[in-house]
**Student:** 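This is the structure, below, for whatever I ask next.
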Amino acid sequence: MTTNDTPVSTNFIRQIITQDLKENKNQGKVATRFPPEPNGYLHIGHAKSICLNFGIAGEFKGTCNLRFDDTNPEKENIEYMESIERDVKWLGFEWAGLYNASDYFEQLYSYAVQLIEQGLAYVDSLSAEEIRVYRGTLTEPGKESPDRNRSIEENLDLFTRMRAGEFADGAYVLRAKIDMASPNINMRDPAIYRIRRVHHHRTGDAWCIYPMYDYTHCISDAIEGITHSICTLEFEDHRPLYDWVLDKLQTPSHPQQIEFARLQLEYTIVSKRKLNQLVTEKHVNGWDDPRMPTIAGLRRAGFTPKAIRDFCERIGVTKQNSWIEIGVLEYCIREDLNENALRAMAVLQPLRVVIENYPDGQVEQLEISNHPQKPELGKRQVPFSKVILIEQDDFAAIPPPKYKRLIEGGEVRLRGSYVIKCNEIIKSAEGVITELRCSYDPDTLGKNPEGRKVKGVIHWVSEAESAEAEIRLYDRLFTVPSPDNEPNFLDVINHDSLEVLEGCRVEASLAQASPENRYQFERTGYFCLDSVDSVDGKLVFNRTVTLREGGWAKD
RNA sequence: UGGGUCGUCGCCAAGCGGUAAGGCACGGGGUUUUGAUCUCCGCAUACCAAGGUUCGAAUCCUUGCGACCCAGCCA
């Protein structure tokens, strides 16, 4: 792993590893792995796991592999594999080795033969439905399949023929022979191989039988010499099975499985099935829609790898099911962007302002710094002229209490420029304000006027010297904190989660914007150029997050 | 009602028998040509509950209560 500046914190997993190291377990080595199934795009929940696994490898001078858990070809494909590799790299991590569970299919097969030879696995002809019935319930023990005591020879023969493709899908299954009365349902002779004639994105049609997760994962870990196999809480009940398989087989090592609580983030969904549904049913515009909690979506929205890593560090790692408030993620991205984003001015909903006492045709290049606290980020030139545009919201015909922007007869500071005073409001026949007539105080460039205080500061652009842009404002995708708990999560989709503003005007310097740069449009939020739709000179900006809204500013 | 896991501030989370860290959020001052940033101050006599052990308990024991996960030939 490569990165870098994430603060080191303690958590129960790191404590376990520290203790293991002290006892010189695993010859003092630490090896982890991040094992996604390539059946969808990575999301913020995966980021937690990625940061944990790669982070631990980094801290303990160990290694972390990327391994695709590709044992169910029905849902997996190359596009997902590629997106996963891209996203892990983008987050700033480097894997020691890149593997696939399918790399081990041959070994997995021969281990299964060993299990059969030891009398610890058998081929069952019960149907899926029958197996379910035989399994018993949470409170009642299961009962043994009639095939459970098939001879080793017969099992070997049948398993060979399963592989050879002699049987129809579902005709047989290979089961571990453990204990049908176990209080742990996972130990009631779990299936470890099924017949499935599906083309696999890596092994093609070489196999018609595929190993199951529980059987595959532990052996894959052992083959790779993983020392600590970190997974989420729902696999706690599977640990006895993980250990059983490795205890029965002579694998190169016996990794330790450790479980932690998966991330639950308010107002978002982190179920791949549901995310997939949002994409395929077009509730969003693809896996990388900026409203999606996917890494690709967050990236397109303007999130930085650093902010995501910081977030993962802040939320901690425990075994407690918890819901993280969305404010934590927002804090992380604001913190990074406040420090590093270049400032610029953009007027989302323009109102024309004519400065009557400013010379016709004159254009002044004002030098404005790119960051108020970091002069090292330099300055840019912003053209000023007689006709400028300000935000409609920054003028109020009837100002609410404490309003400190422009009002009729009042003064306001144009950011980085002069103080202007509104002399007259021009309205259309319908009574809509179409233009403001103002005058400027030539003596207020770079200094405050004498004898009076001007409280408000607003942003602006020169009408003629600005560029047109489309600006997309995103809001949370769901209307309730935990959409996953709804009977139907589609019912709580926020239909106002995307607001597209056309005809916005941005300062001239933004015509050269690139998706890698992030900007703070002063007073309105953090934005970045959309990496997909900004083509042929068209400028499209995505709002990453608003500025923090102190006190009354909201509304 | 079987098995597994978890209960510390609104949300996260340290704490591991010696007298409740920190972050986010929130409230209030100050600075500010972004109602941003920055900065200062405040924010759990209290750790799910009740008993017990101890000089001393969030930490140990007991009994309750509450929450989550498991009955795919998914992962």
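The chains referred to below are lettered A, B, ... by the order of the sequence lines, with proteins before strands, and numbering in each begins at 1.
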**Student:** Closest approach to the side chain of A/M212, judged atom by atom: which nucleotide of B/G35, B/G2, B/C73 is it?
**Tutor:** B/C73
**Student:** Is the CD1 atom of A/I78 crowded by more than 12 outside heavy atoms at less than 6.0 Å?
**Tutor:** yes
**Student:** Under the 3.5 Å rule, do the base of B/C73 and the side chain of A/R175 count as making a donor-acceptor pair?
**Tutor:** no
**Student:** With a 4.0 Å cut-off on heavy atoms, is A/G446 in touch with a base, just the backbone sugar-phosphate, or nothing at all?
**Tutor:** base
**Student:** Return yes when atom CD of A/E450 has more than 12 non-hydrogen atoms of other residues, nucleotides or ligands closer than 6.0 Å, and no otherwise.
**Tutor:** no
**Student:** Round to the nearest Å and state the distance from A/R132 atom CZ to B/C74 atom C1'.
**Tutor:** 16 Å
**Student:** Determine the contact category for A/Q373: base if any of its heavy atoms lies under 4.0 Å from a base atom, sugar-phosphate if only primed atoms, P, OP1 or OP2 are that close, otherwise nothing.
**Tutor:** base
**Student:** Any side-chain N or O of A/T139 below 4.0 angstrom from OP1/OP2 of B/G3?
**Tutor:** no
**Student:** Do the side-chain N or O atoms of A/R523 get closer than 4.0 angstrom to the phosphate oxygens (OP1, OP2) of B/G35?
**Tutor:** yes
**Student:** In whole angstrom, give the distance that lies between atom CD1 of A/I192 and atom P of B/C74.
**Tutor:** 14 Å
**Student:** Quick check: are there more than 12 heavy atoms from other residues, nucleotides or ligands sitting under 6.0 Å from NZ of A/K319?
**Tutor:** yes
**Student:** Does B/G72 sit syn or anti, given that only angles within 90° of 0 count as syn?
**Tutor:** syn
**Student:** Categorize A/Y193 for me: base, sugar-phosphate, or nothing, with a 4.0 angstrom heavy-atom threshold over every strand shown.
**Tutor:** nothing
**Student:** Categorize A/I131 for me: base, sugar-phosphate, or nothing, with a 4.0 angstrom heavy-atom threshold over every strand shown.
**Tutor:** base
**Student:** Between B/C47 and B/C6, how far apart are the C1' atoms? Round to whole Å, please.
**Tutor:** 15 Å
**Student:** Can you tell me how far P in B/G72 sits from the matching atom in B/U59, rounded to whole Å?
**Tutor:** 40 Å
**Student:** So A/H238, base contact, sugar-phosphate only, or nothing? Heavy-atom distance under 4.0 Å.
**Tutor:** base
**Student:** What is the distance, rounded to the nearest whole Å, between atom CZ of A/R188 and atom P of B/G72?
**Tutor:** 11 Å
**Student:** Would you say the base of B/G3 and the side-chain of A/D237 have a donor-acceptor pair closer than 3.5 Å?
**Tutor:** yes
**Student:** When we call it a touch if two heavy atoms are under 4.0 Å apart, what does A/L126 touch: a base, just sugar-phosphate, or nothing?
**Tutor:** base
**Student:** Pick base, sugar-phosphate or nothing for A/K455, based on heavy-atom distances below 4.0 Å to the nucleic acid.
**Tutor:** nothing
**Student:** Is there side-chain contact between A/Q349 and A/E391, with at least one heavy-atom pair below 4.5 Å?
**Tutor:** yes
**Student:** How close or far is atom P of B/U32 from atom NZ of A/K404, stated in whole angstroms?
**Tutor:** 12 Å
**Student:** Map A/L233 and A/S125 onto RNA chain B by nearest heavy atom, then report which one ends up closer to the 5' terminus.
**Tutor:** A/L233
**Student:** Treat primed atoms plus P, OP1 and OP2 as sugar-phosphate and everything else as base, then score nucleotides 9-14 of chain B 5' to 3': B for base contact with protein heavy atoms under 4.0 Å, S for sugar-phosphate contact only, - for none.
**Tutor:** -BSSSS
**Student:** Round to a whole Å and report the spacing from CH2 of A/W244 to P of B/G4.
**Tutor:** 20 Å
**Student:** In whole angstrom, give me the gap between the P atoms of B/C40 and B/G35.
**Tutor:** 22 Å
**Student:** Taking CG from A/D179 and P from B/G3, how many angstroms apart are they, rounded to a whole number?
**Tutor:** 14 Å
**Student:** Does A/P240 reach a base, just sugar-phosphate, or nothing at all? Heavy atoms under 4.0 Å.
**Tutor:** nothing
**Student:** Which one, B/C73, B/A25, B/G2, comes nearest to the side chain of A/A128?
**Tutor:** B/C73
**Student:** Base, sugar-phosphate, or nothing: which does A/E140 touch, judged by heavy atoms less than 4.0 Å apart?
**Tutor:** nothing
**Student:** Tell me whether the count of non-hydrogen atoms from other residues, nucleotides or ligands lying under 6.0 Å of NZ in A/K374 goes above 12.
**Tutor:** yes
**Student:** Using only heavy-atom distances, decide whether a donor-acceptor pair under 3.5 angstrom links the side-chain of A/Q520 to the base of B/U34.
**Tutor:** yes
**Student:** With a cut-off of 6.0 Å (strictly less than), are more than 12 heavy atoms of other residues, nucleotides or ligands near CZ of A/R262?
**Tutor:** no
**Student:** B/C74 C1' sits how many Å from A/E234 CD, rounded?
**Tutor:** 12 Å
**Student:** Give none if B/C16 has no partner; otherwise give the nucleotide forming a Watson-Crick or G-U wobble pair with it, both distances under 3.5 Å.
**Tutor:** none
**Student:** Using a cut-off of 4.0 Å on non-hydrogen atoms, how would the nucleic acid contact of A/R548 be classed: base, sugar-phosphate, or nothing?
**Tutor:** sugar-phosphate
**Student:** Report yes or no: do A/Y172 and A/E166 form a side-chain donor-acceptor pair below 3.5 Å?
**Tutor:** no
**Student:** For a quick check of understanding: with a heavy-atom distance under 4.0 Å over all strands, which category does A/A191 fall into, base, sugar-phosphate or nothing?
**Tutor:** sugar-phosphate
**Student:** Under 3.5 Å for both donor-acceptor distances, Watson-Crick or wobble: does B/A46 have a partner, and if so which one?
**Tutor:** none
**Student:** Calculate, to the nearest 0.5 Å, the distance between atoms CH2 and CD belonging to A/W460 and A/E522 respectively.
**Tutor:** 11.0 Å
**Student:** From the set B/A75, B/C73, B/G35, return the single nucleotide nearest to any side-chain atom of A/T71.
**Tutor:** B/A75
**Student:** CG of A/L241 versus C1' of B/G3: gap in Å, rounded?
**Tutor:** 15 Å
**Student:** Aromatic ring centroids of A/Y213 and A/F235 under 6.0 Å?
**Tutor:** yes
**Student:** Watson-Crick or G-U wobble partner for B/G66, using a 3.5 Å limit on both distances?
**Tutor:** B/C6
**Student:** Rounding to the closest angstrom, what is the interatomic distance between B/A14 and B/G23 at atom P?
**Tutor:** 15 Å
**Student:** If we take the C1' atom in both B/G42 and B/A25, what is their distance in whole Å?
**Tutor:** 14 Å
**Student:** Report the residue from A/R380, A/R415, A/R343 that forms a salt bridge (Lys or Arg N to Asp or Glu O under 4.0 Å) with A/E507.
**Tutor:** A/R380
**Student:** What nucleic acid atoms does A/R415 come within less than 4.0 Å of, heavy atoms only: base, sugar-phosphate, or nothing?
**Tutor:** base
**Student:** Is the centre of the A/F541 ring less than 6.0 Å from the centre of the A/F527 ring?
**Tutor:** no
**Student:** Can you check the distance between B/U53 and B/A58, where both ends of the measurement are the C1' atom (answer in whole Å)?
**Tutor:** 16 Å
**Student:** Closer than 4.0 Å, any side-chain N/O of A/Y213 to the OP1 or OP2 of B/C74?
**Tutor:** no
**Student:** Between the base of B/U34 and the side chain of A/R343, is there a donor-acceptor distance below 3.5 Å?
**Tutor:** yes
**Student:** Determine the interatomic distance between C1' on B/G56 and the same-named atom on B/G17; round to the nearest Å.
**Tutor:** 8 Å
**Student:** Check the phosphate of B/C74 against A/R194, side-chain N and O only, distance under 4.0 Å to OP1 or OP2. Yes or no?
**Tutor:** yes
**Student:** Is there a donor-acceptor pair closer than 3.5 Å between any side-chain N or O of A/D179 and the backbone N or O of A/R188?
**Tutor:** no
**Student:** Which value, in whole Å, describes the distance between the C1' atoms of nucleotides B/U8 and B/A21?
**Tutor:** 12 Å
